[in-house]
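Everything below concerns the one structure shown next.
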Amino acid sequence: VRHLLLPSHLDDSKNILKYLYDTYQNKIFYSLMSQYTPTENCKQFPEINRRVTTYEYRKVADRAAELGFSGFAQERRSAKEEYTPPFNLEGD
């Protein structure tokens with residue numbers, strides 16, 4: 001399961017982790033992704049109009065480890081803005 005962490009949604013992510021572990025235990029692989037990038041439309045939603053913080057990411061990754069997930073926690077450096085393509089609908 002690939003899980004994209006959203007800013008300001010720690011509890012949601014922890015609830016998803018709990019559900020997944022209660023339902024599937026260690027029969028699935030879990031991949032925590034941190035590369036959420038707000039777009040221009042996000043300005044009207046301040047709670048998601050920013051990137052995920054290291055604190056948020058660490059809290060969710062720690063919770064996954066506490067539950068006993070086998071999986072992958074993406075390195076935070078892959079969430080840098082320079083790795084995000086321009087979402088300009090030009091097809092580049």
Side-chain angles (χ1 to χ4, degrees):
V1 173
R2 297 181 78 195
H3 178 89
L4 178 62
L5 178 59
L6 297 176
S8 306
H9 286 79
L10 282 176
D11 289 339
D12 293 333
S13 288
K14 288 178 181 180
N15 289 336
I16 289 167
L17 283 170
K18 177 89 169 97
Y19 168 79
L20 289 171
Y21 198 80
D22 287 349
T23 304
Y24 303 104
Q25 288 80 43
N26 236 358
K27 296 175 187 168
I28 61 171
F29 289 101
Y30 176 77
S31 175
L32 178 60
M33 301 181 306
S34 64
Q35 69 263 45
Y36 171 79
T37 303
T39 61
E40 188 68 26
N41 301 1
C42 292
K43 288 184 178 177
Q44 57 189 321
F45 305 102
E47 68 277 7
I48 61 169
N49 191 29
R50 62 175 176 81
R51 301 180 76 76
V52 171
T53 66
T54 299
Y55 173 83
E56 290 170 319
Y57 183 79
R58 201 64 261 144
K59 291 303 258 183
V60 175
D62 288 348
R63 183 63 181 137
E66 288 168 11
L67 287 168
F69 267 105
S70 291
F72 174 75
Q74 184 181 57
E75 292 185 33
R76 290 277 300 142
R77 70 174 181 238
S78 66
K80 290 183 178 177
E81 198 165 342
E82 65 224 37
Y83 296 121
T84 304
F87 294 105
N88 56 16
L89 303 176
E90 293 180 9
D92 292 343

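Scope of the values below: all heavy atoms of this structure, side chains included, with no hydrogens, waters or symmetry mates.
For the atom pair CG of Asn41 and CG of Asn49, the computed distance is 10.0 Å after rounding to the nearest 0.5 Å. For the atom pair Thr54 OG1 and Lys59 NZ, the distance stands at 13.5 Å (nearest 0.5 Å).
Side chain of Thr37 to backbone of Gln35: a donor-acceptor contact under 3.5 angstrom is found. The backbone N or O of Leu17 lies less than 3.5 Å from no partner atom in the side chain of Tyr30, so there is not a single donor-acceptor pair.
Shortest non-hydrogen contact noted between Val52 and Tyr36 is CG2-CB, 4.3 Å. Across all non-hydrogen atoms, the minimal contact from Ser34 to Tyr57 is CB-CD1, 3.4 Å.
With a 4.5 Å cut-off on side-chain heavy atoms, Val1 and Tyr24 do not count as touching.
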Could you walk me through whether Phe69 and Leu32 satisfy the side-chain contact (heavy atoms from CB on, under 4.5 Å) test, starting with their C-alpha distance in whole Å, then the side-chain angles of each, then the deciding distance to 0.1 Å, before giving a yes or no? CA-CA 11 Å; Phe69 267 105; Leu32 178 60; over 6 Å; no

Distance-only donor-acceptor hits, side chain of residues 5-13, under 3.5 Å, sequence neighbours excluded:
unit_1	atom_1	unit_2	atom_2	d
Ser8	OG	Glu47	O	2.7
Ser8	OG	Arg50	NH2	3.2
His9	ND1	Pro7	O	2.8
Ser13	OG	His3	NE2	2.8

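Sorted by first and then second residue, the pairs that involve residues 26-40 and meet salt bridge (Lys or Arg N to Asp or Glu O under 4.0 Å), not counting sequence neighbours, are Glu40-Lys43. Pairs engaging residues 15-25 under the salt bridge (Lys or Arg N to Asp or Glu O under 4.0 Å) rule: Lys18-Asp22 [sequence neighbours left out].
Taking the charged nitrogens against the carboxylate oxygens, Glu66 and Arg63 do have a contact shorter than 4.0 Å, which makes a salt bridge.
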